[in-house]
Amino acid sequence: MTDHLLTHAGPGAAPVRPRRAGAHRSRGAGLADVTLDGGFWGRLQQVNGSATLAHCEGWMERLGWLANFDHVAQGRTAGPDGRHAGWPFADSEVYKLLEALAWEHGRTGDPAHERALVALTERVARAQDDDGYLNTAFGHAGQAPRYSDLEEGHELYCTGHLLQAAVARLRTSGPDLLVDVARRAADEVCRTFGPGGREAVCGHPEVELGLVELGRALDEPRYLEQAALFVERRGRGLLGPVRLLGPAYFQDDVPVRESDVWRGHAVRQLYLAAAAVDVAAETADDDLLAAVSRQWERSVARRTYLTGGMGSRHQDEGFGDDWELPPDRAYCETCAGVASSMVAWRLYLATGEVRYVDLMERTFYNVVATSPRADGRAFFYANPLHQRVAGTDVREDAENPRAEGGVRAPWFDVSCCPTNVARTLASWHTYAASVDAEGRGVALLQYAPGRYDLRLPDGDTVRLEVRTGYPVDGTVRVRAVDAPAGPVTLRLRVPAWATGAELRVAGRSRPVEPGWAEVPLGTAEIELRLPVAPRWTWPDPRIDAVRGCVAVERGPVVLCLEDTDLPAGVALADVRVDATAPPVDEEDGARVRVLPAPADPAPFPYGATAPAPGAAGGPVEVRLAPYHRWAERGPATMRVFLPAATP
């Protein structure tokens, strides 16, 4: 770790840092505590920094989303055509980009990212009103009044992302113009919606997250109190109807403490849940924390896809009912994957329970990593588990109006996902390890090669070197480069799927069960061997849409079958997999035996007897590839769950 990097990433700089002593059982790694050395996530971070951030800024400039701020500063409030560019929430994409730039500059010290951040901040600052209000779609000449459409206007949602961007800047570089802008905006929110003010909430939760984190970063209790007030107001019918959808759409039907499952718009619900955990941690509210944990448990058990994706309905971008998980109509918005990880991370920090980090790994590899194209300049918005028709409708030179389509798009009419991915990847390594809030324990949570400098509560530093080819290779080698005097406990996460894992220390091996593998840190190299060979995964029989189907996973990675890998003349819809033969390991994927269905369909697709699989020919072997790479070779049909051939 160089001194140069330490000057850019302040001590402990990370997306989540509590203010109250004892708020968390664990502390995540700081931005400067982990330096990745290539590997799966190191490559994604490199592409994000070198391509995605500039790509996002270029599209926002091209479409006039950045000029919206210039127009407000000039008193015009609209472009030459007399209209505000983009949706009312376009401001939030600028703020998420600012957050990504702050984390990326803190990670690398790249002066190009600093210049971009400063220039964007100056444009944003010039549009701020004297009293701190900041929005380019409301509150100015020719626009609707401030906070006149709390259901769909997204004003407080945008402010929340502004506050999170300022937190990233404050923690990586210190107070500056962006932090001042955010403080003034937060003050305006507290004056307007605080005690004695307007009793209301935003249709899209997010400001709660920003207020908590800014309150922590600035040691300002008023912001924390306002966040808690917003959380308590939710679910009390303060919002009106929207687009023929009920109050569950924006979690205004049941108070947070009384809910037992996640419902409605997935991203809104998950941002609210993350904020509730933050509020619970800062106020020592065990009941509120238990409520979110209860909701997480049921929602993961009954309303979550194999990939970790959340949200099964397109009509409201929302959760379906229990067991309503259709693979072909799965929405699984990329932003929901990011938000799910935000909730799980906060629950892990608060409780230390490994199950939350297990879900993060699943979501990271199969939702977050699936969205960006290899070059970092196109993205999936929705992440279905079954693509029936190869995508053909994505334009490279214009916004794409559809969130789904089977091909990654450079930009969308609603482009929340590219910037959400960007800010997540820029800070991804802070989720790779944690330190016990008390005592002398450190934990490796996500496996990636690199250098880990983890500061213990007493000031000592544990320096680890991790070498691994994970997730392709299941061997993780850990060496203590510098261990302080006195005992230190190292915990290695053994994923829930890793039955048969083995830990080897000083030439001695022992089996380890899923959960934590604990070992005293010493001079000997520690080797964790995780069984990443491909395996069958059967769905719960209550999931009607995939009953009789089976999927294949390899380590933490979900695999899929694309028609690109089928023999000529075999259609994806006709394939039945022979689940009596185990999948065969092949590089980072697997090979399975499939039986084509009869070539000529019956005159009516129903009969008294089961169809005879393989009537059109003998079994053939096909390759399954990582789901996170699907459609990289061009438009394709695809499915994760394969119908199992009947005996």
Query raised in the report: So do the side chains of Val494 and Trp516 get within less than 4.5 Å of each other, counting heavy atoms only?
Result: no
Requested in this report: Over 60° means perpendicular and under 30° means parallel, so classify the ring planes of Tyr249 and His265, tilted if in between.
Outcome: perpendicular
Requested in this report: Please confirm whether the backbone N or O of Arg355 pairs with a side-chain atom of Asp358, one donor and one acceptor, at under 3.5 Å?
Outcome: no
Query raised in the report: Under 6.0 Å from the CZ atom of Arg183, do we count more than 12 heavy atoms belonging to anything else shown?
Result: no
Query raised in the report: Does some side-chain heavy atom of Pro514 sit less than 4.5 Å from a side-chain heavy atom of Trp497?
Result: no
Query - Whether Arg303 side chain and Trp262 backbone form a donor-acceptor pair below 3.5 Å - result: yes
Report task. Kindly indicate whether the side chain of Met310, heavy atoms from C-beta on, has any atom under 4.5 Å from the side chain of Cys332. Result -> no
Query raised in the report: Roughly how far apart are Leu272 CG and Phe230 CZ, rounded to 0.5 Å?
Result: 12.0 Å
Query raised in the report: Donor-acceptor pair, Gln295 side chain versus Ser259 backbone, under 3.5 Å?
Result: yes
Query raised in the report: Just by modelled atom types, is the Ala14 backbone N or O under 3.5 Å from a matching donor or acceptor in the Thr430 side chain?
Result: no
Query raised in the report: Any salt bridge between Arg236 and Asp252, counting N to O under 4.0 Å?
Result: no
**Report entry** Rounded distance [0.5 Å steps], OH in Tyr356 versus OG in Ser340
**Finding:** 12.0 Å
**Report entry** Test item: Tyr381 and Pro418 side chains (from C-beta on) under 4.5 Å apart, heavy atoms
**Finding:** no
Query - Side chains of Thr351 and Ser293 in contact at under 4.5 Å (non-hydrogen atoms) - result: no
Query raised in the report: Do Asp187 and Arg222 have side chains that get closer than 4.5 Å, going by heavy atoms?
Result: yes
Report task. Could you tell me whether Arg198 sits above the aromatic face of Tyr147, with NZ or CZ closer than 6.0 angstrom to the six-membered ring centre and within 45 degrees of the axis? Result -> no
Requested in this report: Please say whether more than 12 non-hydrogen atoms of neighbouring residues, nucleotides or ligands are located less than 6.0 Å from CZ in Arg25.
Outcome: no
Requested in this report: For side chain to side chain contact (heavy atoms under 4.5 Å, CB included), just list the numbers for Val292 and Glu297, CA-CA rounded to whole Å, side-chain angles, deciding distance to a tenth of an Å, and then say yes or no.
Outcome: CA-CA 9 Å; Val292 180; Glu297 185 170 353; over 6 Å; no
Query raised in the report: Is Arg302 salt-bridged to Asp540, cutoff N-O under 4.0 Å?
Result: no
Report task. Tell me yes or no: between the side chains of Thr334 and Asn383, is some donor less than 3.5 Å from an acceptor? Result -> yes
Query raised in the report: Is the backbone of Lys96 close enough, under 3.5 Å, to the side chain of Asn420 for a donor and an acceptor to pair up by distance?
Result: no
Query raised in the report: Taking 4.0 angstrom as the limit, do Asp287 and Arg257 come out as a salt bridge?
Result: no
Query - Parallel, tilted or perpendicular: rings of His204 and Tyr271 (30°, 60°) - result: tilted
Requested in this report: Flag the pair Glu104 and Arg107 as a salt bridge only when some basic side-chain nitrogen lies within less than 4.0 angstrom of an acidic carboxylate oxygen.
Outcome: yes
Query raised in the report: Are Ser415 and Glu93 close enough that a side-chain donor and a side-chain acceptor fall under 3.5 Å?
Result: no
Query raised in the report: Do the charged groups of Glu213 and Arg216 touch, with an N to O distance under 4.0 Å?
Result: yes
Query raised in the report: Which word best sums up how the rings of Phe89 and Tyr157 line up, parallel for under 30°, tilted for 30 to 60°, or perpendicular for over 60°?
Result: perpendicular
Query raised in the report: Between the side chains of Glu99 and His161, is a donor N or O closer than 3.5 angstrom to an acceptor N or O?
Result: no
Query - Ion pair Arg19/Glu220, N-O distance below 4.0 Å - result: no
Query - Minimum heavy-atom distance Leu445-Ala433, with the two atoms named - result: CD1-C, 3.9 Å
Query raised in the report: So which heavy atom on Val557 is nearest to which on Pro471, and how close?
Result: CG2-CG, 4.0 Å
Query - Parallel, tilted or perpendicular: ring planes of Trp345 versus Tyr431, cut at 30 and 60 degrees - result: perpendicular
Query raised in the report: With ring centroids as reference points, do Tyr470 and Tyr447 lie under 6.0 angstrom apart?
Result: yes
Query raised in the report: Side chains of Tyr331 and Glu317: is there a donor and an acceptor less than 3.5 Å apart?
Result: yes
Query raised in the report: Can a donor-acceptor pair be found between the side chains of Tyr305 and Thr363 at a distance below 3.5 Å?
Result: no
Query raised in the report: Is the ring centre of Phe379 less than 6.0 Å from the ring centre of Trp411?
Result: no
Query - Exam field: side chain His24 to backbone Ala437, donor-acceptor pair closer than 3.5 Å - result: no
Report summary line: Residues at least two apart in sequence or cross-chain that pass side-chain hydrogen bond (donor to acceptor under 3.5 Å, both in side chains) with Arg169, listed by chain then number, are Glu114, Asp176
Query raised in the report: Side chains of Glu155 and Thr159: do they bring a donor and an acceptor to under 3.5 Å?
Result: no
Query raised in the report: How long is the span from the CD atom in Glu57 to the CG atom in Leu66, to the nearest 0.5 Å?
Result: 6.5 Å
Requested in this report: Could you pull out the closest heavy-atom pair between Val367 and Gly308, with the gap in Å?
Outcome: CG2-C, 4.2 Å
Query - Residues Arg263 and Gln269: side-chain donor-acceptor under 3.5 angstrom - result: no
**Report entry** Salt-bridge present (Arg27, Asp436; N to O < 4.0 Å)
**Finding:** no
Query raised in the report: OG1/Thr52 to NE2/His55 distance, rounded to the nearest 0.5 angstrom?
Result: 7.5 Å
Query - Salt bridge present between Glu208 and Arg234 (N-O < 4.0 angstrom) - result: yes
Query - Side-chain touch Leu211/Leu163, heavy atoms, less than 4.5 angstrom - result: yes
Requested in this report: Determine whether more than 12 heavy atoms belonging to other residues, nucleotides or ligands lie under 6.0 Å from atom CH2 of Trp87.
Outcome: no
**Report entry** Atom of Gly210, atom of Gln164 and distance for their closest heavy-atom approach
**Finding:** CA-CG, 3.9 Å
Query raised in the report: Step by step, would you call Glu333 with Cys417 a side chain to side chain contact (heavy atoms under 4.5 Å, CB included)?
Result: CA-CA 8 Å; Glu333 185 181 343; Cys417 296; 3.9 Å; yes
Query raised in the report: Any sub-3.5 Å donor-acceptor pair from Arg171's side-chain atoms to Ala166's backbone N or O?
Result: no
**Report entry** Distance-only side-chain donor-acceptor flag, Trp65 / Asp91, under 3.5 Å
**Finding:** no
Query raised in the report: Just wondering, do Met60 and Leu97 contact through their side chains at under 4.5 Å, heavy atoms?
Result: yes
Query raised in the report: Which heavy atom in Ala29 sits nearest to a heavy atom in Val34, and how many Å separate them?
Result: CB-CG2, 3.8 Å
Query - Heavy-atom donor-acceptor pair, Gln128 side chain to Leu134 backbone, under 3.5 Å - result: no
Query raised in the report: Would Phe40 and Tyr365 count as a close aromatic pair, with their ring centres under 6.0 Å?
Result: yes
Report summary line: Rounded to the nearest 0.5 Å, the OH atom of Tyr627 sits from the OG1 atom of Thr307 at a distance of 5.5 Å
Requested in this report: Would you confirm whether Ser312, through its side chain, and Gly320, through its main-chain N or O, come within 3.5 Å as a donor-acceptor pair?
Outcome: yes
Query raised in the report: Can you check whether Cys416's main-chain N or O pairs, donor with acceptor, with Thr419's side chain at less than 3.5 Å?
Result: yes
